[in-house]
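The structure appears right after this line, and notes come after that.
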Amino acid sequence: MSSSYKEFAHIYDELMNDIPYDAYVEFLELASAGVIGKKVLDIGCGTGLLSAMLAKRGAHVTGVDLSADMLEVAADRAKSLGLAIDFIEQPMQRLEVEGMYDAAVISIDSLNYVMKQSEVGETFRRVYKALAKGGVLLFDVHSLFKMDEIFLEGPFVFDNRRITYVWQTVPGEMDHSIYSELAFFVRQENGSYRRFDEVHIQRSFAVSDYIEMLNEAGFQIERIFADWEDEPPEEESERIFFQVRK
């Protein structure tokens, strides 16, 4: 991600307000038989929105992210809400936490920013090590259909009168990867617009590849579903969810 992530961190939540984070909470509640009193790792926590929602439900949350700017926003959020959440600046493929956790979540395609298959596998191994026996991991990734077709239908334009962006995507150098350039225009109080730019590179793998990596890490796969519904993935599914257990 580009060095301008500091600016992106402050508009991230506004851009993500159509993501049903509450559904993620419900998925984790169901998988964990409730989150009250449970120790939960929110990996790739970003601005801490999901961390805060889980903490409000009574979970003991540790948020992990590689962006100091995102974590600064997350810490401010937790403080303003009076929530005790620990935050750690760390890439997920180097995850190293103390103690054992009851659940872990890698939400909203955060895992797709890990480009090498070996490092995705390493992420699973480290999460497995951090979980107590019976602990659950819930994560989602972009489908190959979304990577190879939908993302390449751009450019995409967004405009809510305060924030405008133009998003252009081309195939990345690796299989099933994309290289995205985003130009943001943020309206200032005096009516002018400030521009900043972002570069995002993501990659996904076949469901069978994720299954193999999860099995190698020691996980038992409980269910695989798609697009926020309790239905198996289909050819044109866009977001694939995995629920696995130690």
Side-chain angles (χ1 to χ4, degrees), residues 9-10 12-92 95-111 123-124 126-141 214 217-225 227-230 239-246:
H10 291 279
Y12 181 83
D13 291 343
E14 193 169 337
L15 298 176
M16 301 292 279
N17 63 9
D18 63 333
I19 297 291
Y21 284 100
D22 53 342
Y24 241 107
V25 176
E26 297 302 328
F27 292 155
L28 201 60
E29 289 257 26
L30 189 63
S32 305
V35 297
I36 295 174
K38 302 285 178 68
K39 288 185 66 179
V40 179
L41 268 176
D42 183 7
I43 302 167
C45 67
T47 61
L49 194 60
L50 182 60
S51 294
M53 293 175 75
L54 290 166
K56 283 180 183 177
R57 293 283 187 106
H60 303 295
V61 182
T62 298
V64 180
D65 202 278
L66 55 71
S67 168
D69 297 317
M70 286 290 203
L71 290 176
E72 185 180 334
V73 175
D76 288 344
R77 181 197 303 281
K79 185 177 179 181
S80 70
L81 295 172
L83 298 171
I85 303 173
D86 294 322
F87 291 105
I88 302 171
E89 184 183 339
Q90 209 173 57
M92 64 181 75
L95 179 73
E96 198 166 324
V97 291
E98 295 182 3
M100 304 297 279
Y101 287 78
D102 301 298
V105 62
I106 312 174
S107 69
I108 318 303
D109 54 83
S110 295
L111 189 62
T123 299
F124 292 151
R126 287 174 180 258
V127 174
Y128 185 89
K129 183 180 177 183
L131 288 173
K133 177 73 173 168
V136 68
L137 165 63
L138 180 68
F139 69 93
D140 70 89
V141 291
L214 288 162
F219 282 107
Q220 299 295 312
I221 294 165
E222 291 190 335
R223 69 177 184 138
I224 300 171
F225 56 106
D227 296 337
W228 307 97
E229 303 289 340
D230 189 17
R239 189 180 294 273
I240 314 297
F241 292 80
F242 293 78
Q243 178 182 312
V244 301
R245 197 170 299 273
K246 180 171 179 176

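Computed from a predicted structure; not experimentally measured.
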Heavy atoms of Val136 and Ala31 approach each other most closely as CG2-CB, 4.0 Å
Test side chain to side chain contact (heavy atoms under 4.5 Å, CB included), reference Asp140, set Asp227, Asp109, Ile240, output is Asp109
CD (Gln243) and CD (Gln220) are apart, to the nearest 0.5 Å, by 13.0 Å
Give, for atom NZ of Lys38 and atom CG of Leu28, the distance between the pair rounded to the nearest 0.5 Å. 9.0 Å
Describe, in one word, how the ring planes of Phe219 and Phe124 are oriented to each other, choosing from parallel (under 30°), tilted (30 to 60°) and perpendicular (over 60°). perpendicular
Is any NZ, NE, NH1 or NH2 atom of the basic residue among Glu26 and Arg57 found under 4.0 Å from an Asp or Glu carboxylate oxygen of the other? yes
Under 3.5 Å donor-acceptor, Arg245 side chain and Glu222 backbone: no
Mind telling me whether Tyr24 and Phe241 have parallel, tilted or perpendicular rings, with 30° and 60° as the class edges? tilted
Residue of the set Phe242, Phe139, Phe225 for which ring pair (Phe, Tyr, Trp, His ring centres under 6.0 Å) holds with Phe27: Phe225
Could you check Val64 against Met92 for side-chain contact (heavy atoms from CB on, under 4.5 Å), going step by step and ending with a plain yes or no? CA-CA 7 Å; Val64 180; Met92 64 181 75; 5.8 Å; no
Does atom CD1 (Ile221) have a neighbourhood of more than 12 heavy atoms from anything else shown, all under 6.0 Å? yes
Distance-only, no hydrogens or angles: does the Lys246 side chain make a donor-acceptor pair with backbone N or O of Ala132 under 3.5 Å? no
For a quick test of reading the model, state the closest non-hydrogen atom pair linking Val127 to Ala104 and the distance between them. CG1-CB, 3.8 Å
If you measure from CG on Leu71 to CZ on Phe87, what distance do you get to the nearest 0.5 Å? 7.0 Å
At their closest point, which heavy atom of Ser51 faces which heavy atom of Gly63, and how far apart are they? OG-CA, 4.2 Å
Looking at OG1 of Thr47 and CG of Asp69, how far apart are the two atoms once the value is rounded to the nearest 0.5 Å? 12.0 Å
So do the side chains of His60 and Asp102 get within less than 4.5 Å of each other, counting heavy atoms only? no
Before giving the answer on side-chain contact (heavy atoms from CB on, under 4.5 Å), spell out for Leu49 and Ile19 the whole-Å C-alpha distance, their side-chain angles and the decisive distance to 0.1 Å. CA-CA 11 Å; Leu49 194 60; Ile19 297 291; over 6 Å; no
Would you say the side-chain atoms of Ser32 pair up with the backbone N or O of Val35, donor to acceptor, closer than 3.5 Å? no
To the nearest 0.5 Å, what is the distance between OG1 on Thr123 and CD1 on Ile43? 8.0 Å
Using a 4.5 Å cut-off on heavy atoms from C-beta on, say whether the side chain of Arg126 contacts that of Glu96. yes
Qualifying residue for side chain to side chain contact (heavy atoms under 4.5 Å, CB included) with Asp42, from Ile106, Leu50, Thr62: Leu50
If I take atom CD1 from residue Ile85 and atom CZ from residue Arg77, how far apart are they, to the nearest 0.5 angstrom? 9.0 Å
